[in-house]
Participant: 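Can you keep this structure in mind? I'll have questions shortly.
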Amino acid sequence: MTDIEIANSVKMRPITEIAEKLGISSDTIEQYGKYKAKLPLHLINESQIRNKHLILVSAISPTPAGEGKTTVSIGLSEGLNRIGKQTTVVLREPSLGPVFGIKGGATGGGYSQVLPMEDINLHFTGDFNAVEKAHNLLSALIDNNIQSKTSTIGLDPRTVTWKRVMDMNDRSLRHIIVGLGGTTSGIPRETGFDITAASEVMAILCLSEDFEDLKQRLGNIFIGYTYDKKPVYARDLKAHGAMAALLKEAIKPNLVQTIEGNPAIIHGGPFANIAQGTNSVIATKMGLSLSDFVVTEAGFGFDLGAEKFFDIKCVKAHLNPSAVVLVATVRALKYHGGVKLDALKEENTEALAKGMENLEKHVENMKKFNICPIVAINRFVSDTDAELQLIKNKCKELDVPVEIADVWAEGGKGAEKLAILTAKVAEQCLCQLHPLYDWNWSVEKKIETIAKEIYGAAAIDYTSQAKNDLKKIQALGLDKLPVCIAKTQKSLSDNPKLLGRPKDFIVTVRQIEIAAGAGFVIPITGDIMRMPGLPDQPAAERIDIDKEGHISGLF
């Protein structure tokens, strides 16, 4: 059966029943139909959070299709509930870019899914739409002010860094000209589109604590300079109030359910290769307020999502995870050992052993943050016993506990051993998170520390634009912000072709974008782009709907 066929075979419970599992009355939640709801912010209880267990799920460097990190997160939460641990899984919302692109949806798979999967993967409760509208409202206000003869603040259009966004992979919009069509259509200038998941508004939504914090952060968005070189922020255009109003409902986390009827909170959707890659602070704290255990995930490999989860989100929100679970797969390790994508289903212990260096580096990185590590082997039907044993032997050599998770085929039952191990580690762990760097360090030192310690780089090279960006950041007094490095997810390096554990490479920082509202700066490395393109055969070609309204092709 396909993922969508499995999802459709499950009898979902009314969302009021899921809320009751969390001790929430039906009149407290804000229902979006029968199976979705918004959770009001007053349910967050800061005094409860410090006594709960937060478990991060990350992964080794993935193949293009991903290694099932979300699937394992959902399955682990099912397994923990099965062994008597009250658990909520807290995830990011899917972007339509990957849904219609190469990766497909982001609701798990097989018997380890969140439901209703079609709604979640498509429009859900409209959060992405609200982020997109708030972002593009600021874009419209910027161009309107540049055009105005009576209300202009003197914004120099050549310095404007704010683009537009849409939730779709559309490479043709990366670089565009706006304002064509004569004097009534604006001032012509160069700009472009990013994908909505890369919007600073999305980052702000995911790092805000409440409405006031949200509005202040929106006001802090850096736009550009006036003709007399004064910095301009969104608050100078009086944009932040209206932007926050558009996010009135989007700031509230979404409650849905797992395939086994356990609670799932889904909120926010930044990518980890071009943004911070974690769900919202509000959603995580909501889960910790309502459950004893929270399982959450951070996008792509440990070098991207997990590093940003620890160094940005946890530091900002004062969170201390109890454990980190690293998802590894036989196929990804063979891929890093040199096996082509079309041959990954064939047993190849020699390539697997060679690719193990990628796992080794990620385990080393886990230990740098002083959080108790676990490895979860996400089992695929093509895996052989010899291959699985090889990974287990390597984990023993690395002195990290390991379990096999068969969550796609068996759901929570296939994660029970992993759940027992995770609960034991989390409950016994006395570690305190040790961030990789101090926010007060220089921007260059923070970038160098991540690149050398986490990626394994030998040196950093800055283009002339990046050097000018550093001077601008310093002049604006933003050099004490953390760094959110944009980098390919396909390699530990900034070169997607360098698989395994590359060494002696140089990371090239070609520019550094400012996200003053979100509270970080974004060094952009290599050829990474903030507006992806569709593959030759996009997933959209397989998606369809019949005369009864049943959707097919989502996975």
Side-chain angles (χ1 to χ4, degrees), residues 15 18-19 22-24 28-30 32 36-50 52-56 73 77 87-94 114 120 124-131 134 196-197 199-218 220 240 243-256 263-270 275-291 293-299 305 308-310 312-321 515 517-520:
I15 198 64
I18 306 301
L22 295 172
I24 307 171
T28 299
I29 61 174
E30 301 170 15
Y32 278 61
K36 300 171 289 184
K38 287 281 187 182
L39 296 172
L41 302 191
H42 69 74
L43 293 173
I44 295 174
N45 186 334
E46 292 281 352
S47 64
Q48 294 278 350
I49 291 171
R50 66 177 64 95
K52 305 300 181 62
H53 297 290
L54 176 60
I55 298 159
L56 174 68
S73 298
S77 73
T87 305
T88 297
V89 63
V90 182
L91 305 169
R92 292 170 297 155
E93 300 179 44
V114 283
I120 298 168
F124 201 19
T125 57
D127 294 347
F128 265 70
N129 181 64
V131 168
T196 303
S199 167
E200 185 178 350
V201 177
M202 179 67 80
I204 287 171
L205 180 75
C206 289
L207 289 171
S208 297
E209 299 270 6
D210 51 39
F211 284 108
E212 280 301 312
D213 188 25
L214 174 70
K215 190 160 67 171
Q216 183 176 1
R217 286 173 176 272
L218 290 169
N220 289 340
H240 53 310
M243 293 171 71
L246 283 170
L247 298 169
K248 176 178 177 290
E249 297 302 315
I251 195 175
K252 302 171 187 176
N254 306 291
L255 178 65
V256 288
I265 296 175
I266 302 182
H267 195 220
Q276 78 264 39
T278 64
N279 61 65
S280 72
V281 169
I282 288 173
T284 300
K285 288 190 172 183
M286 183 72 73
L288 291 168
S289 299
L290 302 172
S291 299
F293 283 75
V294 163
V295 178
T296 190
E297 49 88 42
K308 295 166 184 177
F309 178 88
F310 291 135
I312 298 176
K313 179 175 179 175
C314 287
V315 173
K316 187 267 171 195
H318 306 291
L319 297 170
N320 188 61
F520 51 67

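Just so you know, residue 1 is the first one in the sequence shown, and it goes up from there.
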Participant: Could you check if a side-chain atom of L247 sits within less than 4.5 angstrom of a side-chain atom of V131, using non-hydrogen atoms only?
Facilitator: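 Sidechains of V131 and L247: in contact.
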
Participant: Who passes side chain to side chain contact (heavy atoms under 4.5 Å, CB included) against K215, sequence neighbours left out?
Facilitator: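 Partners of K215 under the side chain to side chain contact (heavy atoms under 4.5 Å, CB included) test: E212, H240, A244.
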
Participant: Do any N or O atoms from the side chain of K285 and from the backbone of E46 form a donor-acceptor pair under 3.5 angstrom?
Facilitator: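 Answer holds: no.
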
Participant: Once you round to the nearest 0.5 Å, how far does CG of L290 lie from OG1 of T87?
Facilitator: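 It comes to 12.5 Å.
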
Participant: Look up atom CZ in F211 and atom CG in L41, then write down how far apart they are to the nearest 0.5 Å.
Facilitator: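 The CG atom of L41 is 5.5 Å from CZ of F211, to the nearest 0.5 Å.
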
Participant: Donor-acceptor check, side chain of E30 to backbone of A37, threshold 3.5 angstrom: yes or no?
Facilitator: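 Answer holds: no.
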
Participant: On a heavy-atom basis, which atom in V295 and which in S73 lie closest, and how many Å separate them?
Facilitator: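 What the structure gives for the nearest pair is CG1-O, 3.6 Å.
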
Participant: Tell me whether S289 contacts the main-chain N or O of N45 through its side chain, where contact means a donor paired with an acceptor under 3.5 Å.
Facilitator: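 Yes, the answer is positive, given that a donor and an acceptor are paired below the 3.5 Å cut-off.
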
Participant: Does the pair K316/D213 count as a salt bridge with the N-to-O cut at 4.0 Å?
Facilitator: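 Answer for the salt bridge query: yes.
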
Participant: When you compare the side chain of L214 with that of I204, does any pair of heavy atoms fall below 4.5 Å?
Facilitator: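 Yes. Closest side-chain heavy atoms under 4.5 Å.
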
Participant: From L207 CG over to F520 CZ, what is the distance, rounded to the nearest 0.5 angstrom?
Facilitator: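 One finds 6.0 Å between CG of L207 and CZ of F520.
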
Participant: Under a 3.5 Å distance rule, please check whether S291 uses its side chain to pair with a backbone N or O of V294 as donor and acceptor.
Facilitator: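 Side chain of S291 to backbone of V294: no pair is present.
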
Participant: Starting from the C-alpha separation in whole Å, work towards a yes-or-no answer on side chain to side chain contact (heavy atoms under 4.5 Å, CB included) for I251 and L205.
Facilitator: CA-CA 6 Å; I251 195 175; L205 180 75; 4.1 Å; yes

Participant: For H53, enumerate each residue passing the ring-ring contact (aromatic ring centres under 6.0 Å, His included) test, keeping only those at least two apart in sequence or located in another chain.
Facilitator: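 F293.
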
Participant: With a 3.5 Å distance limit and no angle check, can you tell me whether H267 reaches the backbone of V281 through a side-chain donor-acceptor pair?
Facilitator: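 A pair under 3.5 Å: no.
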
Participant: Looking only at atom types and distance, does a side-chain atom of E200 sit under 3.5 Å from a main-chain N or O of G517, one as donor and one as acceptor?
Facilitator: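 Indeed, once roles are kept as given, a pair shorter than 3.5 Å links the two residues.
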
Participant: Using distance alone, with no hydrogens and no angle criterion, decide if T284 and K313 have a side-chain donor and acceptor under 3.5 Å apart.
Facilitator: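 Looking only at side-chain atoms, K313 and T284 do form a donor-acceptor pair, the distance falling under 3.5 Å.
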
Participant: Got a second to check how far Y32's OH is from L255's CG, nearest 0.5 Å?
Facilitator: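 Spacing of OH (Y32) from CG (L255) equals 13.0 Å.
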
Participant: Restricting to non-hydrogen atoms, name the atom on G269 and the atom on A197 that form the minimum distance, rounded to 0.1 Å.
Facilitator: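 So the two residues come closest at O-CB, 3.2 Å.
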
Participant: Would a 4.5 Å heavy-atom cut-off, applied to side chains only, mark I266 and N279 as touching?
Facilitator: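 Contact flag for I266/N279 side chains = no.
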
Participant: If you define the side chain from C-beta out and look only at heavy atoms, does anything of T278 sit under 4.5 Å from T296?
Facilitator: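 Side-chain contact under 4.5 Å: no.
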
Participant: So that I can tick it off, tell me whether K38 and E249 are bridged by a salt bridge, with the cut-off set at under 4.0 angstrom between side-chain N and carboxylate O.
Facilitator: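 Judged by the 4.0 Å cut-off on N to carboxylate O distance, E249 and K38 do not form a salt bridge.
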
Participant: Could you give the distance from CE (M286) to CG (L43), rounded to the nearest 0.5 Å?
Facilitator: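 Output value for this atom pair is 5.0 Å.
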
Participant: State which residues pass salt bridge (Lys or Arg N to Asp or Glu O under 4.0 Å) with E297; sequence neighbours excluded, sorted by chain then number.
Facilitator: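 Listed in chain order: K69, R92.
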
Participant: Check step by step if side chain to side chain contact (heavy atoms under 4.5 Å, CB included) holds for T125 and K252.
Facilitator: CA-CA 10 Å; T125 57; K252 302 171 187 176; over 6 Å; no

Participant: Is any side-chain heavy atom of F124 less than 4.5 Å from a side-chain heavy atom of P94?
Facilitator: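 No, every pair of side-chain atoms sits at 4.5 Å or beyond.
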
Participant: In Å, rounded to the nearest 0.5 Å, how long is the span from CG of D127 to CD of E93?
Facilitator: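 The distance works out to 4.0 Å.
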
Participant: If you compare all heavy atoms of F309 against all heavy atoms of L54, which two are closest, and at what distance to 0.1 Å?
Facilitator: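 For F309 and L54, the tightest heavy-atom pair comes out as CZ-CD2, 3.9 Å.
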
Participant: Which heavy atom of R217 sits nearest a heavy atom of S208, and at what distance?
Facilitator: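 Looking at all heavy atoms of both residues, the closest pair is CD-OG, 3.4 Å.
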
